[in-house]
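Predicted, not measured: the structure shown is a model, and the values here were computed from it.
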Amino acid sequence: QVQVVESGGGLVQAGGSLRLSCAASGSFSSINRMGWYREAPGKQRALVAAISTGGSTNYAGSVKGRFTISKDNANNTVYLQMNSLKPEDTAVFYCNAEVTMVSDGLQYSYWGQGAQVTVSA
């Protein structure tokens with residue numbers, strides 16, 4: 001019913017940049033919030049950055065000033081620009097979309113398949 005597809009992961013040296021993209025599609029009437037989470041080996045999945053319908057954003061403290069989340073409402077797409085990457089940013093990054101479904105008017109949460117980001121020292 002709803003597909004969430006990430007792209008843009010890869011391998012980069014410390015200090016480099018990457019941009020992740022995430023597109024949501026399906027039978028929803030609105031997207032209420034989209035966010036990026038990451039899961040490093042041996043750690044729980046944690047919020048990196050999120051953006052609401054109105055454009056308000058919030059970031060994990062460890063990425064403030066380095067990562068920027070933005071969105072393209074027309075294409076139901078969210079981006080994560082990651083600059084000054086560090087080896088500790090290495091993780092699988094997951095996109096999450098909170099949408100209101102046309103079928104029942106209720107809000108549901110959907111996840112993408114994940115994108116590997118590896119930062120070498």
Side-chain angles (χ1 to χ4, degrees):
Q1 288 183 326
V2 176
Q3 294 77 44
V4 178
V5 180
E6 303 111 334
S7 61
L11 172 65
V12 64
Q13 288 188 331
S17 298
L18 281 174
R19 189 173 87 149
L20 300 178
S21 300
C22 171
S25 61
S27 303
F28 49 81
S29 57
S30 65
I31 297 177
N32 307 311
R33 180 177 178 267
M34 293 186 78
W36 289 97
Y37 293 72
R38 65 185 177 187
E39 191 171 316
K43 295 187 178 181
Q44 290 189 328
R45 191 174 300 187
L47 176 70
V48 175
I51 188 165
S52 70
T53 303
S56 61
T57 59
N58 63 297
Y59 294 91
S62 60
V63 307
K64 280 183 179 178
R66 300 189 298 124
F67 291 10
T68 302
I69 189 169
S70 60
K71 63 188 178 76
D72 176 354
N73 289 331
N75 293 302
N76 296 326
T77 299
V78 66
Y79 305 96
L80 185 68
Q81 178 65 43
M82 304 184 290
N83 299 329
S84 302
L85 282 160
K86 305 175 181 180
E88 51 263 43
D89 292 316
T90 295
V92 178
F93 282 69
Y94 294 92
C95 180
N96 175 264
E98 296 177 357
V99 305
T100 298
M101 295 301 288
V102 172
S103 58
D104 57 12
L106 297 178
Q107 182 169 304
Y108 295 85
S109 178
Y110 292 90
W111 292 92
Q113 78 284 359
Q116 177 69 47
V117 171
T118 302
V119 185
S120 62

* Structure fact -> Tracing side-chain contacts under 4.5 Å among Ile, Leu, Val, Met, Phe, Trp and Tyr outward from V5 reaches none
* V99 with Y79, same ILVMFWY side-chain cluster at under 4.5 Å -> no
* Asked: Any chance the side chains of T100 and N32 put a donor and an acceptor closer than 3.5 Å?
  -> yes
* L20 side chain reached by M82 side chain, heavy atoms, under 4.5 Å -> yes
* Where C22 and V4 come nearest, the two heavy atoms and their spacing -> SG-CG1, 3.4 Å
* Fellow cluster residues of Y94, listed by chain then number, with links counted only when side-chain atoms sit under 4.5 Å apart -> Y37, L47, V92, W111
* Structure fact -> residues 61-71 vs salt bridge (charged side-chain N to carboxylate O under 4.0 Å, His left out), sequence neighbours excluded, gives R66-D89
* **Beyond-backbone contact of Q13 with L85, side-chain heavy atoms, under 4.5 angstrom** => no
* Tell me, which pairs form a salt bridge (charged side-chain N to carboxylate O under 4.0 Å, His left out) where one or both residues lie in residues 12-31, sequence neighbours left out? -> none
* N83 and S17: side chain donor to acceptor below 3.5 Å -> yes
* Any V2 side-chain heavy atom under 4.5 Å of M101 side chain -> yes
* Quick one: side-chain hydrogen bond (donor to acceptor under 3.5 Å, both in side chains) partners of S70, sequence neighbours excluded? -> none
* Can you tell me if CD on Q44 sees more than 12 non-hydrogen neighbours from other groups inside 6.0 Å? -> no
* To do: Would you check if V78 and C95 make a side-chain contact, meaning some heavy-atom pair closer than 4.5 Å?
  => yes
* To do: Provide the full list of salt bridge (charged side-chain N to carboxylate O under 4.0 Å, His left out) pairs with a residue in residues 91-115, sequence neighbours left out, each pair given once.
  => R33-E98
